[in-house]
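What you see is a predicted model; the values in this text were computed from it and never measured. Within every chain, numbering begins at 1; the chains are lettered A, B, ... in the order of the sequence lines, protein sequences first and strands thereafter. Side chains included, hydrogens not; waters and symmetry mates left out as well; all remaining heavy atoms used.
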4 protein chains.
Amino acid sequence: MSADPQTPLRADARRNRDQIIAAARVIFAEHGPEVPMEEIARSAGVGVGTLYRRFPDRDALVRAVAVDNFARVLEDARAAAEAEPTAWAALVRLLYGSMDLQLSIQLAMVSMKAYEILREDPVISDLRQSLLIEVESLVRAAQEDGHLRKDVGAGDVAMLFAVLLRRLPPRNPEIAEISTARCVAIMIDGLRAQPGTPLPGRPLGRDDIH
Amino acid sequence: MSADPQTPLRADARRNRDQIIAAARVIFAEHGPEVPMEEIARSAGVGVGTLYRRFPDRDALVRAVAVDNFARVLEDARAAAEAEPTAWAALVRLLYGSMDLQLSIQLAMVSMKAYEILREDPVISDLRQSLLIEVESLVRAAQEDGHLRKDVGAGDVAMLFAVLLRRLPPRNPEIAEISTARCVAIMIDGLRAQPGTPLPGRPLGRDDIH
Amino acid sequence: MSADPQTPLRADARRNRDQIIAAARVIFAEHGPEVPMEEIARSAGVGVGTLYRRFPDRDALVRAVAVDNFARVLEDARAAAEAEPTAWAALVRLLYGSMDLQLSIQLAMVSMKAYEILREDPVISDLRQSLLIEVESLVRAAQEDGHLRKDVGAGDVAMLFAVLLRRLPPRNPEIAEISTARCVAIMIDGLRAQPGTPLPGRPLGRDDIH
Amino acid sequence: MSADPQTPLRADARRNRDQIIAAARVIFAEHGPEVPMEEIARSAGVGVGTLYRRFPDRDALVRAVAVDNFARVLEDARAAAEAEPTAWAALVRLLYGSMDLQLSIQLAMVSMKAYEILREDPVISDLRQSLLIEVESLVRAAQEDGHLRKDVGAGDVAMLFAVLLRRLPPRNPEIAEISTARCVAIMIDGLRAQPGTPLPGRPLGRDDIH
DNA sequence: GATGAATGAGGCTTCATTCAT
DNA sequence: AATGAATGAAGCCTCATTCAT
């Protein structure tokens, strides 16, 4: 991300880099992406200088955390598609399963600032695109199965992901967990192919959501 | 003497206060609740000094904006309960109809900081409580009607509100609008009394969500 | 410079602004234009915030000091032209007399950074241009008088100014003063219309020196 | 043991040291003596660590570059004294000829910081002293010749050197060169033994200028 | 009361120097 | 011995809040 990809990092530098991203992920999730850089550094067990050597500024760090997370979600999506018997099951698993994983990326999208930072990044764009392609094929397959209602597109599903997985500010963690799970479940029922209200507008496709 | 909260403000002071809240609402919605105080003042057409005379610090302003908004939502809820033929219809209308109204209050809840500020406030608590009571009675009635699935509580519905109405960072506004409407519609279908997955956990009641 | 020229500053603000420029002039002269902003603020008797309210960043301050000084030199040049019986005398007086005055502007030109800052500034350009026009007419007149050697242009004279008036890093102040005066005197003798070496190159005009 | 200054450096260490000084000379000349150490190291093709092994801190490096340059000037002075037919010619050659040579040392003296660093250094003092002695004898001889005006001392001449050879911030290089040459020529005419203004103060001797 | 100036703490970032590999 | 990573002090600047006009 920040270093020349040609030159692989020295072992200790690599370790530090990873610690920093890990720490940032947790802290971003807990306190949003605007916590003082010093706090991130401290929590990663390094000096600010080290942090800045690895990531020239806050934006670079935010991007790196986001890339890291997007990549995980993509992996998850692929694993789900492969492991589950039906596309519908894969979607359901994704909606449930990514919750933990996405804690921080979603958080990273809560902030206007973070959003601005990420919107331009080409690496993020690529990951995003790959993820949407994956979701799109699941959506199509699940619709052919007859599990998923026909009037939704990959864009709709992605937006639901985004809406649902973005965390509320942290409250009682037990309740938070139950609540999220229940929201997801209700949403899944809403997605089922069965009689319901016709949806307004038109199905949103992969390209409708930027 | 005139600082006594009972004493109604002089007309011009009142006008200032309202201008400030109105301006803050817009700015909070657009740029989040952490914009410089000076910007808010400018956009309200007053000096910072005036802003601070009216609201001793940022927290007070955030609280005031939130109170203003909560009050509107409560009004909405009551109006819906009264005007709609069924409780279910009232809930649906609320889920749809509050979207505009809540733009800003939801935004105000996007930020960790804002959340911290509001969680302790007794006036907010009261409004919140009143709103939840209103929702609870709608939920019960809609369940008795047979419209609303039996396994949800007022807390679940409130969380759905919160999750859904929180805005994503601003993107293509047309798409944003369609998307939100569709998410809400899917959610409503998920709430319908009809065969679906059993929800995890237990119904969340009014008091479960703080 | 930094404030909207339309709105004249409030009396106290004006006073502060002047104090800041005065302090900066002295400090720039003593320690170069890269002293910590805090030091300048302290020495002007204000907080950093005030300094930054008046001058959005260091560059703005450097520019303001330079403008202030250029203006003085220009005044000096005009006063000399008017008061002295001959153009030659005016030039000589300028070379001597500006020494004190120019302490800081010259210093401001010692630093690469400062030079970069000033080179683009349109206000500085204007002042510069006015000054050069003034010098040019003195040069012409002094050459017609027969006092000044014919093979020099306004650009040459300006460069001599610049070279001579730039201060060396501060050493024994008494010696510094004597030394500068003597250098100037030698230079003046070099400029006299009398037999000497032909100068290399060609006379440098007003526009040759940027 | 090998840190003993007497012990000559190993060949590769020596090479490193020379590369560093050469690089520093160029960079100091181009960007002043305050460029980041890392930049100097990079441009010398070594790591910072190596730079610091050779020069314990920035001051040491500045001193080393200055010593290197002073030594060259001294050589120049001696060569000129020996090669030129008259002392006057030697002085003139020095004034002209050192321009190239001194580019960097002069630059190194532009900065207050550098000046502070050098003023105390005994090695520099020695070189300085040797140089002034050389100049002094040229001055005396040139005055006896009748070429050089009688009312100047070695200190005056040295100050003229210093004043003239210090470079202005880089501008159009062609003009810069012409301009410097012309300033020197004018100065030389000013130094000629011929009727002129009596100089203010008293001749500055070798010891007057620190 | 209103205004906008002043203050200074706090976050960001750079870079001289030290240290592990 | 060379390298480049890590450290942290120090400068820059912003902005919440207070205060003089």
Side-chain angles (χ1 to χ4, degrees), chain A residues 3 7 9-17 20 34-42 44-61, chain B residues 2 9-10 12-13 16 34-42 45-59 61, chain C residues 3 7 9-17 20 34-42 44-60, chain D residues 2-3 9-10 12-13 16 34-42 45-59 61:
Chain A
T7 321
L9 290 173
R10 234 168 64 180
D12 52 347
R14 176 85 225 164
R15 188 161 53 279
N16 272 334
R17 197 195 129 94
I20 291 170
E34 300 182 20
V35 280
M37 293 297 261
E38 291 233 19
E39 203 163 311
I40 299 170
R42 190 173 338 117
V46 303
V48 243
T50 303
L51 199 169
Y52 274 94
R53 162 183 282 269
R54 225 37 82 196
F55 307 96
D57 53 20
R58 176 188 297 281
D59 287 11
L61 177 58
Chain B
S2 75
L9 292 171
R10 255 172 45 184
D12 54 345
N16 271 340
E34 299 180 22
V35 283
M37 294 297 263
E38 193 121 9
E39 199 164 315
I40 298 170
R42 190 174 336 118
V46 303
V48 246
T50 305
L51 197 169
Y52 272 91
R53 161 176 296 272
R54 228 33 89 198
F55 306 95
D57 54 21
R58 176 189 297 281
D59 287 10
L61 176 58
Chain C
T7 322
L9 291 172
R10 235 167 64 180
D12 52 348
R14 177 85 226 166
R15 186 155 58 286
N16 272 334
R17 197 195 128 95
I20 291 170
E34 300 181 19
V35 281
M37 293 296 262
E38 291 233 19
E39 202 163 311
I40 298 170
R42 190 174 338 118
V46 303
V48 243
T50 303
L51 199 168
Y52 275 94
R53 164 183 281 270
R54 224 38 82 196
F55 307 96
D57 53 20
R58 177 188 296 282
D59 287 12
Chain D
S2 75
L9 292 171
R10 253 173 46 186
D12 54 344
N16 271 340
E34 299 180 22
V35 283
M37 294 297 263
E38 192 122 8
E39 201 165 314
I40 299 170
R42 190 174 337 117
V46 303
V48 246
T50 305
L51 197 168
Y52 271 90
R53 162 176 295 273
R54 227 35 88 201
F55 306 95
D57 55 19
R58 176 190 296 282
D59 287 11
L61 176 59

Quiz item: Can you give one letter per nucleotide of nucleotides 11-18 of chain E, going 5' to 3': B for a protein heavy atom under 4.0 Å from the base, S for sugar-phosphate only, - for none?
Solution: SSBB-SBB
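- Atom-to-atom, CG of B:Leu51 to P of E:dG1 comes out at 15 Å; the value is rounded to the nearest Å.
- Not one side-chain nitrogen or oxygen of C:Thr50 sits closer than 4.0 Å to the OP1 or OP2 atom of E:dA5.
- Taken from CZ in C:Arg54 to CZ in C:Arg14, the straight-line distance is 9.5 Å, to the nearest 0.5 Å.
- Within a 6.0 Å radius of CD in A:Glu39, more than 12 heavy atoms belonging to other residues, nucleotides or ligands are found.
- Residue D:Gly47 is the one, among D:Gly47 and A:Val46, whose nearest nucleotide of DNA chain F lies closer to the 5' end (criterion: closest heavy atom).
- In secondary-structure terms, DNA chain E builds stems of at least 3 consecutive Watson-Crick or G-U pairs, each pair having both distances under 3.5 Å, at E:2-21 with F:2-21.
- Between C:Ile40 atom CD1 and E:dT7 atom P there is a gap of 15 Å when expressed in whole angstrom units.
- Put simply, CZ on B:Arg54 is 17 Å from C1' on E:dG4, counting in whole angstrom units.
- A:Arg15 places its CZ atom 13 Å from the P atom of E:dA20, with the value rounded to the nearest Å.
- Atom-to-atom, CZ of C:Arg42 to P of F:dC12 comes out at 12 Å; the value is rounded to the nearest Å.
- Note that OG1 of C:Thr50 and CZ of C:Arg17 are 14.0 Å apart. Values are rounded to the nearest 0.5 Å.
- Of all heavy-atom pairs between B:Leu51 and B:Val46, the closest is N-CG2, 4.4 Å.
- Scanning all heavy atoms of the two residues, the minimum distance from C:Ala44 to C:Ile20 falls at CB-CA, 3.8 Å.
- Residues satisfying the side-chain contact (heavy atoms from CB on, under 4.5 Å) criterion with A:Tyr52, sequence neighbours excluded, are A:Met37, A:Val48.
- A donor-acceptor pair is defined here as one N or O able to donate and one able to accept, closer than 3.5 Å; such a pair exists between the side chain of C:Arg58 and the backbone of C:Val35.
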